[in-house]
Each structure stands twice: as C-alpha cells, then as structure tokens.
2 protein chains.
Amino acid sequence: MQHGYRMTTVSDGTEMRKALRDWNIDLLILDIMLPGEDGFALCRDVRRTSKIPIIMLTAVGEDTDRILGLELGADDYLTKPFNPRELLARIRAIFRRAETGSGTELTENSAEKVRFGSWVLNLGSRELRDADDVVVHLSTGEFSLLRALVKHNKRPLSRDQLVDIVRGQSSIPFDRSIDIQISRLRRKIEKDAKNPKLIKTVRGIGYQFCADVVTA
Amino acid sequence: MQHGYRMTTVSDGTEMRKALRDWNIDLLILDIMLPGEDGFALCRDVRRTSKIPIIMLTAVGEDTDRILGLELGADDYLTKPFNPRELLARIRAIFRRAETGSGTELTENSAEKVRFGSWVLNLGSRELRDADDVVVHLSTGEFSLLRALVKHNKRPLSRDQLVDIVRGQSSIPFDRSIDIQISRLRRKIEKDAKNPKLIKTVRGIGYQFCADVVTA
DNA sequence: GCAGAATGCTTCAATTTGTTACAAAAACCG
DNA sequence: CGGTTTTTGTAACAAATTGAAGCATTCTGC
C-alpha cells in the first residue's frame, strides 16, 4: 500500500491476465518493452475485453500519437525515465476522471446490490439486510471481508489474499486476524455458526463463499 | 482551423471569461505564467463553474501533483517546452475520453440542485432543505464538506482528500478537524446520528457518502 | 484412536473514531 | 475601533473496532 493505492507487480502477459482475473484491478501500468508479448499487443488485447484505465511506459522517441490514439486506446503514457511524482499525479488524474462517471464503479462489472441466501448486500450503502429487510450492522472490516468473499464467490481465497484485499497489506506469517474476522462474520450471517453454509473453510487453503450470488 | 480544431487565443483571465461566455469552448489550454491572475487561480475558478477539459502548460519543476489533483482539477498538463505533436495527442486523448464518458455528471454546469434521502441541497444558493422545505443552516465548512461528499458519492474519501477539498490544504498529521466537522454534519442531516445512513465511516480510510444522489 | 497441525473462538489491550467542552479565530455590527 | 456572535479547531475522554495471545476444538494421515 503506497499513497493510498495497493499494487501488484507481474512480470509478463500471462501473469497479468491471471491478476486481472483473480483481483479487481482498477488500473494497469504497462511497459512497452516486455519479454514475450510486447506492451502494444497486450494493451490492444486488454482493450478488446475491458475498459480498465491503462498507462503506458514508453522509451523516448516512441510514437506517442499511436499510444493514446484509438488504435491502442491507452489512457495516458509516460516517457522513461519519469518522475515518480508525475506518475502518481497521472494515476490520480485518471481515477478522478473515472470518478466523475456515476459513482459506483469500483470495477465496470460491479452491481449495486447482490443477493445470496436470504441476505441482500448493498455494496453502495454498505448495508446488509436480512429477509425481513432488517439491517444487520457490519463493521468496516466485516463488510470489506464479506465483499471480498462475495466478489470472488465459489472460489477459495487464501488468508493472504483476503488480508491483502481487506487491509491492503501482505500478511505477516502466522497472521490469524482473518480467522477472527471470519468468525465474527459467521456469527452474524450464518444461521448456525457451527455449520457454516455460506462461508466454508477450505482446509489448507483458506475460505470460500459458497452461496449463489445474484446481482440484483 | 488546424488539425480539425478551431481555436481562439486570449491574453488574460478577463478575455478568457468573455470567450467562455460568448463561444462554445470545448477545451481550455492554460499557461501558468500569465499577466494578472495566474493560471492556477484561473483553473480553480473555471473548475468551480464548469467541467470543461483543461490542459495546463507548466514550466519545469512545477508542482505537478497539485495541477492534476483535486484542488485544481486540470485534466492534463504539459511541461514547456513541449512537442506540438504531443499536445495534439493529449488533446485527442481528452476528447476521446469525453466521448466514452457516461452521463450522470454531478457538477455545477449540469444541475443546481441535488436530492438525497429526504434532503435537497442547492449547490448554487448553498441551501439545504428538508422534506418540508425548511432550510437547515450549514456553516461554510459544513456545506463545503457535504458538497465534497455528495460529489464523490458512494466512494470513500480519506481525511486528507477531504481537508484538501474543504480547505485547499494538505492536512497536518493527527488532524482531527474533519472528524469534528463530520460529527456536526451528521447531527444536522442524519435522523439518528448514532446510526448514520448517509455519511458512513470507513475505518482506516475515511468517510463515504452512501445515499443515492439524484440531480434534480 | 492418536499425534500433530489447522482452525475456532475468548479475552484483552492497542488503536481508531465519536463527541463534549472549551478556547481561539473570524465574521458581524454598531 | 470594542463587544457580540458564529465558526472552527484542540484537548480530553468515551465508545467501537480490531488483532495478538492463547487455549479449545476439529481435522488429517497414520
């Protein structure tokens, strides 16, 4: 976590696609010079399926017109060597632009409300309601954890991943804090906390959200 | 007419305002070094009333952070001396972004009034009215804070960001003033200040305006 | 069933946030 | 100008949240 942003570094196109699939990536910074597929191809490829903001890193003398142009569709670019402050400024500018959209676009495919079991979780207002429409209070951490689980539903998430999502840090060894948060969350949303139906433990791996999640 | 764009040159802030009023200007290119009012002030001033894209021209060593940041709100900037091709590329990029932008803008030039919960906030006259059309008085700081929250609704804002927006300064360490302002604002607009529905706390991050905001 | 490991959960202290009371600063007003 | 009111920030304390420690429980492979 730096300057309020959490980042993941990958070393090639394959890792990038994996990261895009496994995490909710909000912004991509692409170097043109890469082993394997070059940045141009990657950029074009990502653009085909996603509107995620892309910043390209170029060497001097590259054809800047082409980078920002329709062909590649990057949102911005920087010439190496660049000033870190400038990168930060451009990142912020991009998010600020995106913000003025409509609000709720953590990612493009995020819906406002999701339903699972007899619960309705409103991702915008951060409210969890039961079948009778009664609000069950969740602390920030509980909401954050639940959102992570729901977002990656039916997929086991390691404690590392969860800590990373919830706290934006990589976890220290023997970090049990997620277990406790899971415990607290189960107490609130499971009918029988001893027999969890929604948040199951995947021994040796982590936790998995098992309910069908319907975006309403 | 050059490269498909028509342009008008002005020499100071007064002329600029006249041009903005008399013509349909689509994009503003602002030099920071100007006779009379400087570019920073002009930029901020334009931003108060318009969402028109702004590109700033800066000398080397300027504080690029501030330029693209929330305070000034420019869309891009270029360091002098710059390559005309690069300026052209950035102009095109900005128009391309504008095209793909979704609607629902929450800025001055679109709507004067916004509605959330049972409240109506008039951004022009700075009046907040309840369901019975009774004015609830807000101090300058309270209004400014509420406007910031509403503008970035459904998105958590850090204390730093809020201080920056409200006071135009970066906050000192351990600055709790935002918390107190939030507290005062809640007392005025929340039905139950203990259970805030509009302004929620995001622990470790800041605050988030959670209501649906409708521009009326 | 048993040993060891992984997970669940209680307790408690540290941190973060909410709020009250009060003082400084600013605006207002004659 | 002086006096008054309003606004805003600091200090101090209350409440909520959270994670570490540590023991209880469950699971796995034998």
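By convention in this document, chain letters (A, B, ...) are assigned in the order of the sequence lines, proteins followed by strands, and residues within each chain are numbered from 1.
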task: Could you please spell out the steps behind the side chain to side chain contact (heavy atoms under 4.5 Å, CB included) verdict for A:Ile29 and A:Leu87?
output: CA-CA 10 Å; A:Ile29 299 176; A:Leu87 175 59; 4.1 Å; yes
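Atom CD1 in B:Ile178 sits about 17 Å away from atom P in D:dT7, given to the nearest Å. Between B:Arg176 atom CZ and D:dT8 atom P the separation is 18 Å, expressed in whole Å. Going from atom CG of A:Leu138 over to atom C1' of D:dT18 covers 15 Å, rounded to whole Å. When the C1' atom of D:dT18 is taken as reference, atom CG of A:Asp175 falls 12 Å away, rounded to whole Å. Remark: P of D:dC23 and CD1 of A:Ile180 are 15 Å apart, rounded to the nearest angstrom. With rounding to whole Å, A:Ile205 atom CD1 is found 12 Å from D:dT28 atom P. Counting to the nearest Å, the P atom of D:dT26 and the NZ atom of A:Lys194 are 7 Å from each other. Between A:Ile182 atom CD1 and D:dT25 atom C1' the separation is 18 Å, expressed in whole Å.
The shortest side-chain heavy-atom distance between A:Leu128 and A:Lys188 does not fall under the 4.5 Å cut-off.
Using a 4.0 Å cut-off between charged nitrogen and carboxylate oxygen, A:Asp179 and A:Arg159 count as a salt-bridge pair. Between A:Arg90 and B:Asp76 there is a salt bridge, since a side-chain N of the basic residue sits under 4.0 Å from a carboxylate O of the acidic one. Between B:Arg187 and B:Glu142 there is no salt bridge, since no side-chain nitrogen of the basic residue lies less than 4.0 Å from a carboxylate oxygen of the acidic one.
In this model, a donor atom of one side chain and an acceptor atom of the other lie less than 3.5 Å apart for A:Thr201 and A:Arg186. The closest side-chain donor-acceptor pair between A:Asp160 and A:Ser158, if any, does not fall under 3.5 angstrom.
Checking side-chain atoms of A:Asp75 against main-chain N and O of A:Ile54 turns up a donor-acceptor pair under 3.5 Å.
Less than 4.0 Å separates DNA chain C from at least one heavy atom of each of the following residues of residues 195-203 of chain B: B:Thr201, B:Arg203.
When heavy atoms are screened at a 4.0 angstrom cut-off, B:Phe143 is found touching no nucleic acid atom at all. Counting non-hydrogen atoms under 4.0 angstrom, A:Arg186 reaches the backbone sugars and phosphates but no base.
Not one side-chain nitrogen or oxygen of B:His137 sits closer than 4.0 Å to the OP1 or OP2 atom of D:dT5. For D:dT8, one of the phosphate oxygens OP1 or OP2 lies less than 4.0 angstrom from a side-chain nitrogen or oxygen of B:Ser139.
Among residues two or more places apart in sequence or in another chain, the side-chain hydrogen bond (donor to acceptor under 3.5 Å, both in side chains) test is passed with B:Ser125 by B:Asn122.
Nucleotides of DNA chain C that come within less than 4.0 Å of any heavy atom of chain B span, from the 5' end to the 3' end, C:dT15 to C:dT20.
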